[in-house]
Amino acid sequence: MTGASDDRGQWSSKVGFILAASGSAIGLGNIWRFPYVAGENGGAVFVVLYLIFVFLIGLPYMFAELALGRSVQKNPVGAINAIKPNSAWKLVGYLGVFTGVGILSFYGVVAGWTFGYIFKMIAGNVSGFGEYIANPWLVIFLFAVFMLLTTLIVYGGVEGGIERWSKILMPMLFVLLVGLIIYANTLEGASKGLAFYLKPDFSKISGSTAISALGQAFFSLSLGMGLMITYGSYVSKKENLVTSAVYIAVFDTLIAFFAGLIIFPTLFAMGKSPDQGPTLVFVVLPELFAKMPGGFFVGALFFILLSVAALTSTISLLEVPVAFMVDERKSKRKKIVWAVAGFTFLIGIPSALSQGASDFFSNFHLLPERLSGQDFLSHMSFVFGDFSLAFGALMLSIFVGWVWGAKNASDEIQEGAPGFAKSRKIWGFLIRWFIPIVVFLILLNLFGVFG
Ligand code: TRP
């Protein structure tokens with residue numbers, strides 16, 4: 001990816017692209033958001049729906065974003081404009097750019113908590129998460145530090161540092177998770193957690209389960225706001241978009257699934273309830289570490305790796321608005337990175353203060369409780385992290401399927417992936433009919449249409 005100059009760049013290799021895109025996909029969404037949303041939505045039923053959405057909707061939809069990006073080599077707004085100049089479709093691109101800022105504003109806050117927990121683990125202090133996130137100066141400071149790290153990397157270019165690091169650190173995270181799964185499942189009472197996580201009870205489906213599972217699928221795969229358009233724009237024509245997307249989806253889903261295999265057994269072994277919301281992982285995991293021999297070391301390592309996973313995601317979130325400003329507004333990359341990051345930091349402050357520091361933002365009742373937790377951060381997470389992504393994906397699948405055309409899109413996908421020839425028909429059906437209709441019905445249901 002470019003960074004050293006204002007020119008558009010390319011990934012240094014196929015592995016580089018898959019790593020960067022997986023790095024974007026794998027993050028707090030898998031380890032922090034997935035378990036707490038699953039916990040709030042009945043456990044295994046949610047997991048089943050989530051898996052269906054990832055592979056039937058998210059994965060085929062990812063082809064569309066990647067193909068569009070690679071075909072016209074632009075940010076989301078520029079890409080739409082290149083296919084359908086000066087039309088209202090451009091608004092979908094703007095929505096994507098703004099959604100990136102919206103997600104980053106609360107994601108950066110949680111990334112700051114994660115970063116701070118490295119030091120809390122080193123200090124051997126496992127309790128008191130509630131007080132920790134209610135401390136206004138501390139959370140704002142940690143948020144600022146994380147935004148600064150993100151900015152420095154996007155500023156300086158991604159290929160050298162992050163691509164190389166990720167190659168070592170992501171496999172380490174994987175191995176550590178496997179170890180934690182084994183340990184967590186030896187705890188007394190762990191099997192009740194496994195049952196909650198893996199044995200679906202279909203009576204627990206509620207009206208909001210579908211949107212939560214769909215939103216989480218898009219969120220976790222980094223879809224619905226044009227990130228994959230932007231990352232696809234740096235991919236060369238020789239590369240196979242189909243196998244790349246499959247790798248990304250499988251890695252991403254495995255990591256989220258692993259996180260659940262750790263959290264739920266531990267949670268039930270501790271006799272806690274699964275619907276605690278955004279604080280779940282931060283309350284549960286440190287107690288697991290406290291029980292383990294050498295646990296504080298493991299805990300510190302865990303939060304280091306999770307911080308890196310979060311960093312490769314925040315980089316991608318910042319990259320979308322930056323690419324937009326560089327391509328469309330001819331901004332200087334080095335200046336605009338600071339401006340966008342600073343703006344995002346300001347919008348993020350209410351989220352940072354919404355976990356106890358400010359009464360007003362901690363008890364926020366704009367959206368009904370069935371849709372969102374009643375604090376500002378949960379509102380942001382629903383509006384930008386679920387609704388806006390689903391809506392963006394609806395519009396973009398219609399745009400690719402009907403305006404650009406499934407045929408043109410299929411031709412692009414097929415370049416570098418000759419085997420796609422036999423799947424063109426089915427993919428055309430998915431992108432033109434199945435995906436938009438299912439997503440539309442789920443969005444409609446937000447208004448309680450189907451009860
Ligand atoms: N997918 C990331 C995660 O799971 C979050 C993320 C990064 C994202 N970039 C995105 C979500 C773009 C939607 C769109 O942590």
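Ligands are counted one by one from 1 in listed order, and the atoms in each one are counted from 1 as well. In this chain, residues are counted from 1 in sequence order.
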Please tabulate, for side-chain N and O atoms in residues 243-260, each donor-acceptor pair with protein atoms closer than 3.5 Å (sequence neighbours left out).
from, atom 1, to, atom 2, distance (Å)
Thr243, OG1, Lys14, NZ, 3.4
Thr243, OG1, Asn240, O, 3.4
Thr243, OG1, Asn240, OD1, 3.4
Ser244, OG, Asn240, O, 2.7
Asp252, OD1, Asn30, ND2, 2.8
Asp252, OD1, Ser220, OG, 3.4
Asp252, OD2, Ser220, OG, 2.7
Thr253, OG1, Ala249, O, 2.6

Residues 378-391 side chain polar contacts: donor-acceptor under 3.5 Å, at least two apart:
from, atom 1, to, atom 2, distance (Å)
Ser378, OG, Asp375, OD1, 3.1
Ser378, OG, Asp375, OD2, 2.8
His379, ND1, Gly373, O, 3.4
His379, ND1, Asp375, O, 2.9
His379, NE2, Leu366, N, 3.2
His379, NE2, Leu367, N, 3.0
Ser381, OG, Arg33, NE, 3.3
Ser381, OG, Arg33, NH2, 3.0
Asp386, OD1, Arg33, NH1, 3.4
Asp386, OD1, Arg33, NH2, 3.3
Asp386, OD2, Arg33, NH2, 3.4
Ser388, OG, Thr99, OG1, 2.7

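Take Thr150 and apply the side chain to side chain donor-acceptor pair (under 3.5 Å) test, not counting sequence neighbours, and it matches Thr314.
A distance limit of 4.0 angstrom between heavy atoms and ligand 1 selects the residues Ser24, Ala25, Gly27, Leu28, Gly29, Asn30, Ile103, Tyr107, Phe219, Ser220, Ser222, Met225, Leu227, Ser313, Ser316, Leu317, Leu389.
Between the side chains of Tyr132 and Gln355, no donor-acceptor pair of N or O atoms lies under 3.5 Å.
Residues Lys84 and Lys90 have side chains not in contact (no heavy-atom distance under 4.5 Å, counting atoms from C-beta outward).
Taking the six-membered ring where the residue is Trp, Phe420 and Trp427 present perpendicular rings, their angle passing 60° and hence far from 30°.
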